[in-house]
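Right, one structure below, let's go through it.
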2 protein chains.
Amino acid sequence: MKNLTSYLTLNFSFSPSEMEQLLGCFALRTLKKKDYYLKEGQYCKSVGFIEKGNFIYYQIVNGEEKICDFAFENDWVTHYKSLLGNLPSEISIKALENAELYILNLDKIELLSETLPKVNAIRTTLAEQYFTKSTQRATSLTNLDAKARYQALLKEIPFIHQRVPQYYIASYLGIKPQSLSRIRAMK
Amino acid sequence: MKNLTSYLTLNFSFSPSEMEQLLGCFALRTLKKKDYYLKEGQYCKSVGFIEKGNFIYYQIVNGEEKICDFAFENDWVTHYKSLLGNLPSEISIKALENAELYILNLDKIELLSETLPKVNAIRTTLAEQYFTKSTQRATSLTNLDAKARYQALLKEIPFIHQRVPQYYIASYLGIKPQSLSRIRAMK
DNA sequence: CTTTTATGTTCACCTATGTGAATAAATGGC
DNA sequence: GCCATTTATTCACATAGGTGAACATAAAAG
């Protein structure tokens, strides 16, 4: 729980005993490459903290996997709308590498909110993070051309080419793999 | 408070006395056409319920107003990220018509959460609504062409042309006014 | 190691949207 | 009701990105 512990320590101010209580509510879940954290149609009932590995969020549209998000170590993984609204998920979340998640179930979150109100700070952070990510993506899609979006993504996630196939990157950027190749070739 | 009262009655289950307590926390704010609910750089400290009127959310990019959202009667208006994270807003929210808002200040929300925990359902609805809107916009920008995005918008907000100038609609769709004209002419 | 499959590149051509200008129509102020 | 301003349309041309194919390379499977 190395990453999780330091993430919580760095970003929130829990006392040692609170931290112990909190960590006790997480359960380890290991996923193999290509395993799903969540499949379209399922109800998302937990949030996961990525201790190791990475994930794509995607939707199938006309038979194509349309990538709408990436997540790496120290990110949270969940489908926010499904979790909040108790709705079936429209998206799937798949591991691209063997992964380790620390899972916090929704019922535990509710319980913790009562006994340890500070965890609400985590909920707020999560909401803010998800909201920010999706609005930034929309903003970037309307205000920048494909090359500029690619450069912004590289700046945000410099190691992305080491961990995500290029056609997934293209999909996230809203272009075809050939177009991303062309953009890269132009330099 | 006609719209606010029926919105709360329809979507949540407050008792008459809870409703009274809740409504008592809102304050009326009237805005003239072109007035701002929030300006870029300000800290958003409230949510507003639109009793009457409409609003655009926008950012200035290269001197252009880039529209990222619309809001009408029975919508909530706030900058979610600024509100949650206590951050200066990157966007401005402007009335396009004379408007009436019922304002709920952040401190009142916090207080209510304690005395009337049911209001958390409103907070959750807000989070879900904002998250859904922005992810849908990003999805539509990557998966649909401009014509299909326009048709989807018309379906979602059929009266939009009666209440929003067309160049704002074009901006929201991520295209130039001339392109929207062309799309409309093609039928 | 060899074969198969997955991924990335390049190319020629096509299409949707951008650009800038001219014009028309609608709206608001007086 | 008239003029100024704002908003919408149309056009000719430019450009970014899509399409489908061929090929190249890398990775996985046997």
Side-chain angles (χ1 to χ4, degrees), chain A residues 32-35 53-54 56 58 60-67 70 94-98 137-154 157 159-187, chain B residues 32-35 53-54 56 58 60-67 70 94-98 137-154 157 159-187:
Chain A
K32 294 238 175 72
K33 190 171 170 166
K34 295 187 184 170
D35 280 352
N54 69 356
I56 48 169
Y58 70 89
I60 303 282
V61 181
N62 306 327
E64 280 180 87
E65 290 181 348
K66 297 275 189 172
I67 311 301
F70 303 113
K94 185 166 78 170
L96 293 185
E97 306 165 348
N98 295 336
R137 180 145 181 265
T139 301
S140 138
L141 286 163
T142 47
N143 300 343
L144 306 176
D145 66 12
K147 186 176 187 181
R149 296 202 294 279
Y150 176 55
Q151 290 168 337
L153 180 63
L154 284 185
I157 312 178
F159 52 83
I160 192 151
H161 273 291
Q162 281 76 64
R163 304 190 57 187
V164 177
Q166 192 165 311
Y167 60 94
Y168 283 148
I169 300 175
S171 172
Y172 177 81
L173 294 171
I175 59 178
K176 300 287 153 182
Q178 297 97 311
S179 299
L180 183 50
S181 259
R182 171 160 47 195
I183 285 167
R184 281 159 55 81
M186 290 188 306
K187 189 57 201 163
Chain B
K32 294 239 176 71
K33 191 171 171 166
K34 294 187 184 171
D35 281 352
N54 69 354
I56 49 170
Y58 71 89
I60 303 283
V61 181
N62 306 328
E64 278 180 88
E65 290 182 346
K66 297 276 190 172
I67 311 300
F70 303 112
K94 184 166 77 169
L96 293 185
E97 306 164 349
N98 294 335
R137 179 144 183 265
T139 302
S140 138
L141 286 163
T142 48
N143 300 344
L144 305 176
D145 67 10
K147 186 177 185 180
R149 295 201 294 280
Y150 175 56
Q151 291 168 335
L153 180 63
L154 284 186
I157 313 180
F159 51 83
I160 193 152
H161 273 291
Q162 281 78 64
R163 304 191 55 188
V164 178
Q166 193 165 309
Y167 62 94
Y168 283 148
I169 298 175
S171 172
Y172 177 81
L173 294 171
I175 59 178
K176 299 289 155 181
Q178 298 96 313
S179 299
L180 182 50
S181 260
R182 173 162 43 200
I183 286 166
R184 281 159 55 80
M186 290 190 306
K187 190 56 200 167

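Each of B:Lys33 and B:Ala146 was matched to the nucleotide of DNA chain C holding its nearest heavy atom; the match closer to the 5' end belongs to B:Ala146.
Distance from the side chain of B:Ser181 is smallest for D:dT9 among the nucleotides C:dT7, D:dT9, C:dT10. Which of C:dT7, D:dG17, D:dT7 sits closest to the side chain of A:Asp145 comes down to D:dG17.
Between B:Arg149 and B:Ile175, the closest heavy-atom pair is NH2-CG2, 3.8 Å. For the residue pair B:Glu97 and B:Gly53, the shortest heavy atom distance occurs at OE1-CA, 3.6 Å. The two residues A:Asn98 and A:Lys33 have their closest heavy-atom pair at OD1-N, 2.7 Å. When all heavy atoms are compared, the tightest approach of A:Ser171 to A:Lys66 is OG-CA, 3.4 Å.
Distance, A:Glu97 CD to D:dA27 P: 14 Å, rounded to whole Å. Taking atom CG of residue A:Leu180 and atom P of nucleotide D:dA16, one finds them 16 Å apart after rounding to whole Å. Protein atom OH of B:Tyr150 is 14 Å distant from nucleotide atom P of C:dT17, rounded to whole Å. Per the geometry, CZ belonging to B:Arg163 stands 19 Å off C1' belonging to D:dT7, to the nearest Å. When rounded to the nearest whole Å, the span between CZ of B:Arg184 and P of D:dC11 equals 16 Å. Remark: P of C:dA16 and CG of B:Leu173 are 17 Å apart, rounded to the nearest angstrom. Atom-to-atom, CE of B:Met186 to P of D:dC11 comes out at 14 Å; the value is rounded to the nearest Å.
Looking at heavy atoms from C-beta onward, A:Ser140 lies out of side-chain contact with A:Leu153 at the 4.5 angstrom threshold.
As judged by a 4.0 angstrom heavy-atom cut-off over every strand, A:Pro177 is placed among residues making no nucleic acid contact.
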Protein N or O to nucleotides 18-22 of chain D N or O, pairs below 3.5 Å:
unit_1: D:dG18; atom_1: OP2; unit_2: A:Lys176; atom_2: N; d: 3.2
unit_1: D:dG18; atom_1: OP2; unit_2: A:Ser179; atom_2: OG; d: 2.5
unit_1: D:dG18; atom_1: N7; unit_2: A:Arg182; atom_2: NH2; d: 2.9
unit_1: D:dG18; atom_1: O6; unit_2: A:Arg182; atom_2: NH1; d: 3.1
unit_1: D:dG18; atom_1: O6; unit_2: A:Arg182; atom_2: NH2; d: 3.4
unit_1: D:dG20; atom_1: N7; unit_2: A:Gln178; atom_2: NE2; d: 3.3

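From B:Gln162, atom CD reaches atom CG of B:Asn54 across 11.5 Å, with rounding to the nearest 0.5 Å.
Taking the six-membered ring for Trp and thresholds of 30 and 60 degrees, B:Tyr172 and B:Phe70 have ring planes inclined between 30 and 60 degrees apart.
OP1 or OP2 of C:dA6 has not a single side-chain nitrogen or oxygen of A:Gln166 nearer than 4.0 Å.
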